[in-house]
Number of protein chains: 2
Amino acid sequence: MAKQLKNLKPVDTGSLVDKVEVRLLSFFKENNLKPGDSIPKELEFADSLGVSRTVVREALLRLRTLGLIDSKKHKGMTLKRPDIINNFARIMDPTLLGEDTLKQLFEFRLILEMGMADFLFEHKIQKDMDELEAIVEAEEATSSGKIRFTLDKEVAFHGKLYQMSNNITLQKFQDLLLPVFNYVYQNDTKNTDLDGYHFSNGQFVSHRMLLKNLKVGTPETFRNAMRRHLEPHFDHAFKKDAGK
Amino acid sequence: MAKQLKNLKPVDTGSLVDKVEVRLLSFFKENNLKPGDSIPKELEFADSLGVSRTVVREALLRLRTLGLIDSKKHKGMTLKRPDIINNFARIMDPTLLGEDTLKQLFEFRLILEMGMADFLFEHKIQKDMDELEAIVEAEEATSSGKIRFTLDKEVAFHGKLYQMSNNITLQKFQDLLLPVFNYVYQNDTKNTDLDGYHFSNGQFVSHRMLLKNLKVGTPETFRNAMRRHLEPHFDHAFKKDAGK
DNA sequence: GTTTGTATTATGTCATACATATTTAATGAA
DNA sequence: TTCATTAAATATGTATGACATAATACAAAC
């Protein structure tokens, strides 16, 4: 490695687009532009910044991709309230995410489900409880006595819980995470018999029991119940840890 | 409104860039390209797809903005493992997010902190516990007997907890959420005396007590302690609900 | 063998032109 | 005047051609 000369820091090699993007963002801030406001034209930016329209376009395109700007074809561009979740959607592809990230997202789900109890109790209404009841009954009907773990039933029940949390962002987040779980299940649980837990572990908590707890219990009791319901998944998460 | 003619669906008015973006993504998938692999040149894409280099560039730029592609200046482009979190960073600007989103992100934090107990206990090691101890002591020293709520102390303690969860994604997520909380505190707690809780509510749990619980307790007891520690914030979250 | 020069190459940047839908202004007919 | 039609101006989307620049590889020179 060539030795580092003193007093000679590397020159700024960043691209123009990078700089323009920063300038644009600070421009919006300084002018106190809010979502809905329209912004200057590409050419105006180009002239003011002393760069070509191409560069401005690319910088604006970045912000558009991030959801900060809305562009209507022959009208102009306006500031937009960014949709947190939408940005995730396009990259939440299990085949592109690394093993470690997938694992961490899986843990993320466990954390969310453990932590949402208070919001469930705070916002629970009869209508939702009825629907949850229906979901559990449908599940029990198809399982015909035998306790069977099926992914779609899981999704139906837990998805309803997310919905009942009354937090749209959380809900959408869960929607995004679904394919990840699907993927993790298909790949990591090949040799894991989740059913085993249902029989071997006397403490296992079913959806029915969670539902009842949500009816007559408290956030505290519900969390404990949920913890036991998720026992196999926690085991799975922690076991993988040990293996690394 | 003009009547809708039968058998005449509107023509595809989507931009070329949109289509090219989709084509590119499916190209990567079909050719089973994985992170690290290099992809064809802009001109090759342009020729194959029958569009100008401009369009290809814009489509590629989108994917780059999303973190799916890495572009090195005069070498070429390679597929990249997208960094889930990085995308958030640029848009997580409290002044751009809506009131409702801010509120939901605030709730998100509560959910996370309530749900991470099991991971704290699973991964806790002496070194981290010592550091946490140091944080609490520093906090107690500066507060000089008087229990005082200061944001930086909160961040230090709870940030350490996130770190101890051993989940990098969760950690980074928390980092992103910090400015949001900062903002929420500055705006929503003007008339709210959080200190009041420390004295009026006998059940209030301090950082010191949380630490002790983490030492000698269980995930279950820790969750309950955390719930009481977060009591003012839960109250805040639920009170806002009622007001709407 | 190390250095230096050179050609190639892919992205980054610039300039120009045109297409098209939107908006606004102008025009003309009733 | 009022309404409908036309025309002009406008902003983004797309195409094309050109050049700059740095990375790479290879040849040349010492």
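Just so it is clear: chains get the letters A, B, ... in the order the sequence lines come, proteins before strands, and each one is counted from 1.
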Among residues at least two apart in sequence or on other chains, which ones pass side-chain hydrogen bond (donor to acceptor under 3.5 Å, both in side chains) with [X]?
X: A:Arg64; result: none
X: A:Asn31; result: none
X: B:Glu44; result: none
X: A:Asn167; result: B:Glu107

Open item on the list: Below 4.0 angstrom, which residues in residues 21-33 of chain B have at least one non-hydrogen atom near DNA chain D?
Closed with: none
Open item on the list: By the side chain to side chain donor-acceptor pair (under 3.5 Å) test, which pairs, at least two apart or in different chains, include something from residues 168-181 of chain A?
Closed with: A:Thr169-B:Gln104
Task: salt bridge (charged side-chain N to carboxylate O under 4.0 Å, His left out) partners of residues 29-41 of chain B, not counting sequence neighbours, each pair once - done: A:Asp93-B:Lys29
Open item on the list: Return a single string for nucleotides 7-18 of chain C, one symbol per nucleotide in 5' to 3' order, where B is base contact, S is sugar-phosphate-only contact and - is none, cutoff 4.0 angstrom on heavy atoms.
Closed with: ---BBBBB--B-
- [ ] Go through the structure and list residues passing ring-ring contact (aromatic ring centres under 6.0 Å, His included) with B:Phe108, not counting sequence neighbours.
- [x] A:Phe173, B:Phe173
